[in-house]
2 protein chains.
Amino acid sequence: MRFSIGEFSLITQLSIKSLRLYHEKGILVPAYVDDSSGYRYYNEANCERARSIKILKEFDFSLSAIKDLLDKCRDESDMLVQLEEKLERVKHKIDRYREISHSIASIIELEKECAMEESREFEVEEKELETILIAGHRMRGRYQDVGQGLGLVCKKMGRHINGKPMTLYYDGEYKEEDADFEACVPVRKGKDVDGVSIRELKGGRCVALIHKGPYEALRASYKKVFAYINKRGYKVGTPIREIYKKGPGLILKGNPKNYLTEIQIIIER
Amino acid sequence: MRFSIGEFSLITQLSIKSLRLYHEKGILVPAYVDDSSGYRYYNEANCERARSIKILKEFDFSLSAIKDLLDKCRDESDMLVQLEEKLERVKHKIDRYREISHSIASIIELEKECAMEESREFEVEEKELETILIAGHRMRGRYQDVGQGLGLVCKKMGRHINGKPMTLYYDGEYKEEDADFEACVPVRKGKDVDGVSIRELKGGRCVALIHKGPYEALRASYKKVFAYINKRGYKVGTPIREIYKKGPGLILKGNPKNYLTEIQIIIER
DNA sequence: CATGAGGCCTGCCCTTGGGGGAGAGTCAAG
DNA sequence: CTTGACTCTCCCCCAAGGGCAGGCCTCATG
């Protein structure tokens, strides 16, 4: 009943390297070590301890924790406290990975949705918009600052977000400095928090055009939309909407040439 | 627009050590490095890359994977495949940790149940047993081999197990060599597999005694039970049951002095 | 302009849980 | 006795940095 390290490795399914490490750390000391050759020999009791170590390793305990447990506990009931702590930590890990999984999945979904529209060429179209619930942050200043507003709104709304971010422009004209606009996201539900108000955004018939490319080139698309509207004699309703179907990604900034922005102008009849 | 490493560390919430490491690995190369002093200076573009790195790190990507992704992807859509792979791996981790959590939780529960009974002193008692579904592996040979049988049955039944393991003794007498017994566990459901059969175990009135201590000392408890039965003139029904309420733990072998084994003998009226 | 404080540099060792290999010694069977 | 398979120790390596020592660098203040 004396096993060499190789045999013991086969029995316990622990690598020789590991066994030597466990010996060095005092976690699993061979029953007998030959003084002259240094050969390690293991016995029956070692097998049991090895089994315990394997199980604790599968439970994701560190080697030092395993040593502590095995040295101090005569019985499983002695480990109750540590097991409960471990259980807590494992649950935290599960929660963390679930969040990661959720985030990655939503990025993938977003990307796949966009991929289908990316290859299309876009024309001005008319369609019906439904009334939706939005969370908005009204701002005054320069258009470029809308990014911060969107960040704020998205952060506050977290999991309730229910669509692509958008901007509402309340001015009927282009203003460089003192524009009046609102950073919004559609939400499922939520309540007002500092700076962010929840309300319904009325739907209706609109003229829409998906703009492909950097935001700097939006003017050309606006021109098309207004040309269309004027030709038909429609009346422009405010606020004008810009929906960021695909903008700078959540991870990478991406290539502005692939940005997709939908301009929507409600028309009053 | 030039940040020293300290400032950049505050901006990006990455430690200086990490930043130097990322520089060394080519993951995040400062915009400008002073030749004579070796001082690193970061710019706006570095901030963006740092943000991407942070997010990917939160997604549990390794640094080399992050380097790969950032070097090869101009856009989130380029990362789709890798993101999907990552999602799979994260889900596997969740599954694994869920299994761990389940195992630990059941050990804790088991231990807590036993803890309440451990301090009691036990007397022979009479009670009603309900009919239960069991998975059993009939064996012939020495009683000590029951351990292997229990191992087999538990492994085959896995998650369906619904109670403490037990042995059924079909002999009316003590047999050293050629005993007829069955290793069993209660199960919720399941179907016959090689060597393991599922069936109902009939309940009824029984005489029971919880034995505390090593299995070698079981005889004393059997003596008590039979004394009780004979005194009242009951008739012993087979099979006799031994329920291992607390035996060698799942992790540690534990102290046999604390083992709890319930002897149950159905009495026929 | 000098000086001192604080920031930054490189380099080295440490962590966890081993893997890989070199070079030397050992064991057991033919 | 030899030979091939085992085993020993020692050293370097991985990820993703943390901590510290000793020495420069920068910048604001006197």
Side-chain angles (χ1 to χ4, degrees), chain A residues 1-43 46 49-50 52-70 86 89-90 93 96 100, chain B residues 2-43 46 49-50 52-70 86 89 93 96 100:
Chain A
M1 281 312 167
R2 226 184 52 161
F3 310 112
S4 70
I5 197 168
E7 294 162 351
F8 193 65
S9 164
L10 290 171
I11 293 169
T12 58
Q13 320 230 47
L14 293 165
S15 74
I16 292 181
K17 273 288 184 188
S18 303
L19 290 173
R20 291 207 264 251
L21 181 69
Y22 299 167
H23 180 189
E24 192 191 332
K25 297 212 168 198
I27 299 171
L28 181 54
V29 180
Y32 167 67
V33 179
D34 190 302
D35 268 359
S36 63
S37 72
Y39 273 36
R40 297 168 177 85
Y41 295 100
Y42 295 84
N43 67 5
N46 289 141
R49 196 164 167 107
S52 305
I53 291 171
K54 264 223 118 183
I55 295 171
L56 291 172
K57 251 164 49 94
E58 273 160 30
F59 285 176
D60 213 40
F61 281 95
S62 71
L63 292 191
S64 58
I66 292 175
K67 180 168 162 52
D68 259 39
L69 285 182
L70 294 184
K86 192 72 204 173
R89 259 169 288 148
V90 169
K93 282 208 180 186
R96 205 190 121 223
I100 291 175
Chain B
R2 226 184 51 162
F3 310 110
S4 70
I5 198 170
E7 294 161 351
F8 193 65
S9 165
L10 289 171
I11 293 169
T12 59
Q13 318 231 47
L14 292 164
S15 75
I16 292 180
K17 271 286 184 188
S18 303
L19 290 173
R20 292 207 264 248
L21 182 69
Y22 300 167
H23 179 189
E24 192 190 332
K25 298 214 166 197
I27 299 171
L28 180 55
V29 180
Y32 167 67
V33 179
D34 188 302
D35 268 359
S36 64
S37 71
Y39 273 36
R40 297 168 177 86
Y41 294 99
Y42 295 84
N43 68 4
N46 288 142
R49 195 164 168 107
S52 305
I53 293 171
K54 265 223 115 184
I55 294 171
L56 291 171
K57 250 164 51 93
E58 274 160 30
F59 285 175
D60 215 39
F61 281 96
S62 70
L63 292 191
S64 58
I66 292 175
K67 180 166 162 54
D68 259 38
L69 284 182
L70 294 185
K86 190 75 203 170
R89 258 169 290 149
K93 280 208 181 188
R96 204 191 124 222
I100 292 175

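Below, each value reflects all heavy atoms present in this structure, side chains not excepted, and no hydrogens, waters or symmetry copies. Numbers restart at 1 for each chain; the letters A, B, ... are given by sequence-line order, proteins then strands.
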J.: How many whole angstroms separate atom NE2 of B:His23 from atom C1' of C:dC9?
T.: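 My rounded result for the distance is 12 Å.
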J.: Within this structure, what is the OH-to-C1' distance between A:Tyr42 and D:dC6, rounded to whole angstrom?
T.: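 The distance from OH of A:Tyr42 to C1' of D:dC6 comes to 14 Å, rounded to the nearest Å.
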J.: Both A:Lys25 and A:Asp34 contact DNA chain C. Which one's nearest nucleotide lies toward the 5' end?
T.: A:Lys25
J.: Testing B:Glu24, B:His23, B:Arg40, B:Arg49 for side-chain contact (heavy atoms from CB on, under 4.5 Å) with B:Val29, which one passes?
T.: B:His23
J.: Please determine if a side-chain N or O atom of A:Ser37 lies less than 4.0 Å away from the OP1 or OP2 oxygen of D:dC8.
T.: no
J.: Please confirm whether the shortest side-chain N or O distance from A:Ser4 to OP1 or OP2 of D:dT7 is below 4.0 Å.
T.: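 For D:dT7, OP1 or OP2 has a side-chain N or O of A:Ser4 closer than 4.0 Å.
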J.: Would you say the side chain of A:Lys17 and the base of C:dG20 hold a donor-acceptor pair, judged only by whether the two atoms sit under 3.5 Å apart?
T.: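 Looking at the base of C:dG20, it does pair with a donor or acceptor on the side chain of A:Lys17 (distance under 3.5 Å).
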J.: Regarding A:Asp60 and A:Lys93, does a basic nitrogen lie under 4.0 Å from an acidic carboxylate oxygen?
T.: yes
J.: What's the CZ-P distance between B:Phe3 and D:dC27, to the nearest Å?
T.: 15 Å
J.: Quick check: on DNA chain D, is the nucleotide nearest B:Lys57 upstream (toward 5') of the one nearest B:Ser36, or the reverse? Name the residue that is more 5'.
T.: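 Residue closer to the 5' terminus by nearest nucleotide: B:Lys57.
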J.: Just how far is it from atom CG of B:Leu63 to atom CD1 of B:Ile53, taken to the nearest 0.5 Å?
T.: 8.5 Å
J.: What nucleic acid atoms does B:Tyr41 come within less than 4.0 Å of, heavy atoms only: base, sugar-phosphate, or nothing?
T.: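 No contact.
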J.: Hey, is the side chain of B:Ser15 poking within less than 4.0 Å of OP1 or OP2 on D:dG18, counting only N and O atoms?
T.: yes
J.: Between C1' on C:dG19 and CD1 on A:Ile16, what's the gap in Å once rounded to a whole number?
T.: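 After rounding, the gap between these two atoms is 12 Å.
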J.: In whole angstrom, what separates B:Tyr32's OH from C:dC9's P?
T.: 13 Å
J.: Has the side chain of A:Tyr39 got a donor or acceptor that lies under 3.5 Å from a partner of the other kind on the base of C:dC27?
T.: no
J.: Between C:dC8 and B:Arg40, is there an OP1 or OP2 to side-chain N/O distance shorter than 4.0 Å?
T.: no
J.: Hey, could you give me the NZ/CG distance between A:Lys86 and A:Leu56, rounded to the nearest 0.5 Å?
T.: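 Taking NZ in A:Lys86 and CG in A:Leu56, the distance rounds to 10.0 Å.
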J.: Atom CG of A:Leu21 to atom C1' of D:dC8: distance rounded to whole Å?
T.: 16 Å
J.: Rounded to whole angstroms, how far apart are CG on B:Leu28 and P on D:dG17?
T.: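 Atom CG in B:Leu28 sits about 12 Å away from atom P in D:dG17.
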J.: Using a heavy-atom cut-off of 4.0 Å across all strands, would you classify A:Tyr22 as base, sugar-phosphate, or nothing?
T.: sugar-phosphate
J.: Does B:Arg20 place a side-chain N or O at less than 4.0 Å from the phosphate oxygens OP1/OP2 of C:dC9?
T.: yes
J.: May I have the distance from A:Glu24 (atom CD) to D:dC11 (atom C1'), rounded to whole angstrom?
T.: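 Nearest whole value for this atom pair: 13 Å.
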J.: Look up atom CD1 in B:Ile16 and atom CG in B:Leu10, then write down how far apart they are to the nearest 0.5 Å.
T.: 8.0 Å
